[in-house]
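None of the values given here were measured: they were computed from a predicted structure. Reckoned from all heavy atoms, side chains included, excluding hydrogens, waters and symmetry mates. Numbered from 1 within each chain, the chains take letters A, B, ... in sequence-line order.
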Protein chains: 2
Amino acid sequence: MKIHSFKTNESGLNRFFGPLEAKIMHILWNGPEMAIKDVQARLAKEQAINFNTVMTVMNRLVDKGVLRKRAQGRVSLFQPTQSLEQFLETQSKELTNDLLEEFGPLVVNHMLDALEEADPALIEQLEQKIQALKKER
Amino acid sequence: MKIHSFKTNESGLNRFFGPLEAKIMHILWNGPEMAIKDVQARLAKEQAINFNTVMTVMNRLVDKGVLRKRAQGRVSLFQPTQSLEQFLETQSKELTNDLLEEFGPLVVNHMLDALEEADPALIEQLEQKIQALKKER
DNA sequence: ACCTCACACTACCTATTGTAATGTTCACAA
DNA sequence: TTGTGAACATTACAATAGGTAGTGTGAGGT
């Protein structure tokens, strides 16, 4: 399985995951390899949560290929298969490709407006890249 | 209701809609205001389909705000609330914004690569826009 | 031998999408 | 006037995704 949907009405990790999934990924990305119990403990700081619930969701994340499970004696330790940076890299690349593939010129038209809103400095960055590309040829 | 998910494993309208929904929108976008029966007839050219199935899905599309229903005597006529162009415009704008909001610099890095793959002419278009923007200031 | 703990298995709930049976209403024809 | 059919409304079931949690199983320590 893989991530196959980007939610426009959410933000952050919730764009790729369900709310509980997102919390779990957040914990695993901001800590070491962990057992279910450890993740449950972290989650329980906010809100009591059943051990089995955490286990089920974590196993589903393994099925999806975003977590890796490793047996350590009696317990299983979990960690993301990719770093957060790699994950965002992969996702943003795929989305960017999909967007251009799907919309082409439309996206180019929106790009600048969007860049201005998000962070004008990015426009500079983009121009630099265009210039660099031109020199190559 | 609104569109709130962009599917990376599909293409075209199927990125925004379920497969039957997509076919229905395709028909309504490429023809005049239509009754359910008309849509059903078009769909049936490929594959027999129950009238009620078409009706249910079309009414759901009305609930989502992408179709408008208008009573015409005994029958209801349906048409998209936006033209296909407007719809794609809206979606691509929203996605572009979301992408930059979420990933910022990462997207800028991927943009050029993606542009080259999709259509090198788009890079020109982008550069033109950057220049135009600079003159404004 | 037994108890506990971690894990597996199973199931239920909600939402979304596809599917379709059943119920209702009303115009028009016989 | 009655009844028939067309169009719509209502309801429901299946599949999938995600959240929740009960029950079953097995291995280690006591």
**Item:** Partner set under salt bridge (Lys or Arg N to Asp or Glu O under 4.0 Å) for A/Glu33, not counting sequence neighbours
**Value:** A/Arg70
**Item:** By side-chain hydrogen bond (donor to acceptor under 3.5 Å, both in side chains) - contacts of A/Glu102 (at least two apart)
**Value:** B/Arg15
**Asked** What residues in residues 33-45 of chain B put a non-hydrogen atom under 4.0 Å from any atom of DNA chain D?
**Response** B/Ile36, B/Lys37
**Fill in**
From the candidates D/dG18, D/dA9, D/dA7, the one with an atom nearest any side-chain atom of A/Lys64 is D/dG18
**Request:** From the options C/dA8, D/dA9, C/dT17, select the nucleotide whose nearest atom is closest to the side chain of B/Asn59.
**Result:** D/dA9
**Message:** Donor-acceptor pair, distance only, cut-off 3.5 Å: does the side chain of A/Asp38 make one with the backbone of A/Ala35?
**Reply:** yes
**Request:** Using only side-chain N and O atoms of B/Lys23, determine if any of them is under 4.0 Å from OP1 or OP2 of C/dT17.
**Result:** no
**Message:** Between C1' on D/dG18 and CG on A/Leu67, what's the gap in Å once rounded to a whole number?
**Reply:** 15 Å
**Request:** Send over the distance from A/Phe78 CZ to C/dA6 C1', rounded to a whole Å.
**Result:** 11 Å
**Request:** Go through the structure and list residues passing salt bridge (Lys or Arg N to Asp or Glu O under 4.0 Å) with B/Glu94, not counting sequence neighbours.
**Result:** none
**Request:** Round to a whole Å and report the spacing from NZ of B/Lys2 to C1' of C/dT16.
**Result:** 18 Å
**Asked** Which residue pairs satisfy the ring pair (Phe, Tyr, Trp, His ring centres under 6.0 Å) criterion with at least one member in residues 33-69 of chain A, sequence neighbours excluded?
**Response** none
**Asked** What integer distance in Å separates B/Arg70:CZ from D/dA7:P?
**Response** 16 Å
**Message:** Check whether B/Thr81 reaches the backbone of B/Gly65 with its side chain - one donor and one acceptor, N or O, closer than 3.5 Å.
**Reply:** yes
**Fill in**
Computed from five pairs at either end and rounded to 10 degrees, the angle between the axes of the helix from C/dA1-D/dT30 to C/dA30-D/dT1 is 40°
**Main-chain N/O of B/Ile49 paired with B/Gln40 side-chain donor or acceptor, under 3.5 Å** = yes
**Residues within residues 7-19 of chain B bordering DNA chain C, heavy-atom distance below 4.0 Å** = B/Gly18, B/Pro19
**Request:** Under the salt bridge (Lys or Arg N to Asp or Glu O under 4.0 Å) rule, collect the residues that match up with A/Glu127, sequence neighbours excluded.
**Result:** B/Lys134
**Message:** If the cut-off is 4.0 Å, is B/Lys69 near the phosphate of D/dA7, judged by side-chain N/O to OP1 or OP2?
**Reply:** no
**Asked** Starting at CZ of A/Phe51 and ending at P of C/dC9, how long is that distance when rounded to a whole Å?
**Response** 14 Å
**Message:** Listing request: all ring pair (Phe, Tyr, Trp, His ring centres under 6.0 Å) pairs with a residue in residues 71-97 of chain A, at least two apart in sequence or in separate chains.
**Reply:** A/Phe16-A/Phe87, A/Phe17-A/Phe87, A/Trp29-A/Phe87
Would you tabulate the side-chain donor-acceptor contacts of residues 6-14 of chain A under 3.5 Å, counting partners in other chains and residues two or more places apart, or write 'none'?
none

**Message:** Base contacts versus sugar-phosphate-only contacts with protein, heavy atoms under 4.0 Å: please encode nucleotides 20-30 of chain D as B, S and - from 5' to 3'.
**Reply:** BBBB--BBS--
**Item:** Nearest-angstrom distance from the residue atom CG of A/Leu77 to P of C/dA6
**Value:** 12 Å
**Prompt:** Near A/Gln131 CD, under 6.0 Å, is it more than 12 heavy atoms from other residues, nucleotides or ligands?
**Reply:** yes
**Request:** Return the minimal non-hydrogen interatomic distance between A/Ala118 and B/Leu100, and the atom names on each side.
**Result:** CB-CB, 4.1 Å
**Request:** Using whole Å, report how far CE of B/Met58 lies from P of C/dA20.
**Result:** 17 Å
**Request:** For A/Val108 and B/Lys129, work out which heavy atoms get closest and say how close.
**Result:** O-CD, 4.0 Å
**Non-neighbouring partners of A/Asn97 that pass side-chain hydrogen bond (donor to acceptor under 3.5 Å, both in side chains), sequence neighbours left out** = none
**Fill in**
note: B/Asp63, atom CG; C/dA15, atom C1'; distance rounded to Å ~ 14 Å
